[in-house]
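This report refers to the structure that appears directly beneath it.
The figures that follow rest on heavy atoms only: side chains count, while hydrogens, waters and symmetry mates do not. Chain identifiers are assigned alphabetically (A, B, ...) following the order of the sequence lines, protein sequences preceding nucleic acid strands; residue numbering begins at 1 within each chain.
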Amino acid sequence: SINRPPQNPPPRPPAEMRRKRA
Amino acid sequence: APIILDSYRVIADYRKTSKYEIDLCTGDLVEIVEKKPNGWWFCQCEPKRGWAPASYLEPLDGPEESEEADPDYAGELYITTKAYSAALDDELTLEEGETIEVIHKLLDGWWVVRKGEETGHFPSMFLNRTGEKK
């Protein structure tokens with residue numbers, strides 16, 4: 001079904017977002 | 001009554017890696033139909049619908065921190081259901097079946113976990129709650 005979520009972990013946030021959060 | 005869906009803005013281009021996902025372009029606006037705690041959100045961006053990573057989206061109104069639970073430094077016990085090898089230096093490498101403490105459940109699905117002296121991000125998709133408090 002289309003509603004089946006992916007079975008792999010989603011990607012980490014883009015690098016600039018990770019820096020903003022850190 | 002009509003259902004009002006949350007709107008989010010795409011913060012970086014994303015190329016889908018499976019057929020149930022959607023491609024995202026920086027600046028696109030998407031509506032969120034469902035938010036999974038593993039960090040995959042079901043979005044619609046007419047005429048496309050599919051899963052997208054929450055980490056590539058920011059809310060149109062207000063900071064997303066308001067939706068996110070506060071860190072729980074006491075830790076909540078979970079067991080890893082799958083091994084994962086760190087790809088970035090702020091992640092943890094863990095084998096399947098390890099008991100760890102979850103200290104911050106981030107909306108992007110990469111929770112902050114503690115194992116002994118080490119702390120780092122780990123995919124929540126590979127964690128199962130033990131139901132015990134530390």
If you count heavy-atom pairs within less than 4.5 Å of chain A, which of B/Pro53, B/Ser18, B/Ala52, B/Gly109 leads? B/Pro53
What closest approach, in Å, do A/Pro14 and B/Ser55 show between heavy atoms, and which atom pair accounts for it? CD-O, 3.4 Å
Heavy-atom distances under 4.5 Å only: say whether B/Tyr14 touches chain A with side chain, backbone, both or neither. side chain
In terms of heavy-atom proximity below 4.5 Å to chain A, should B/Thr17 be classed as side chain, backbone, both, or neither? side chain
Candidate list B/Val113, B/Asp72, B/Thr119, test side-chain contact (heavy atoms from CB on, under 4.5 Å), partner B/Ile103, passing option: B/Thr119
Between B/Tyr56 and B/Asp13, which heavy-atom pair has the shortest distance, and what is it? CE2-O, 3.3 Å
What pair of heavy atoms forms the shortest contact from B/Leu29 to B/Cys45, and how long is it? O-SG, 3.7 Å
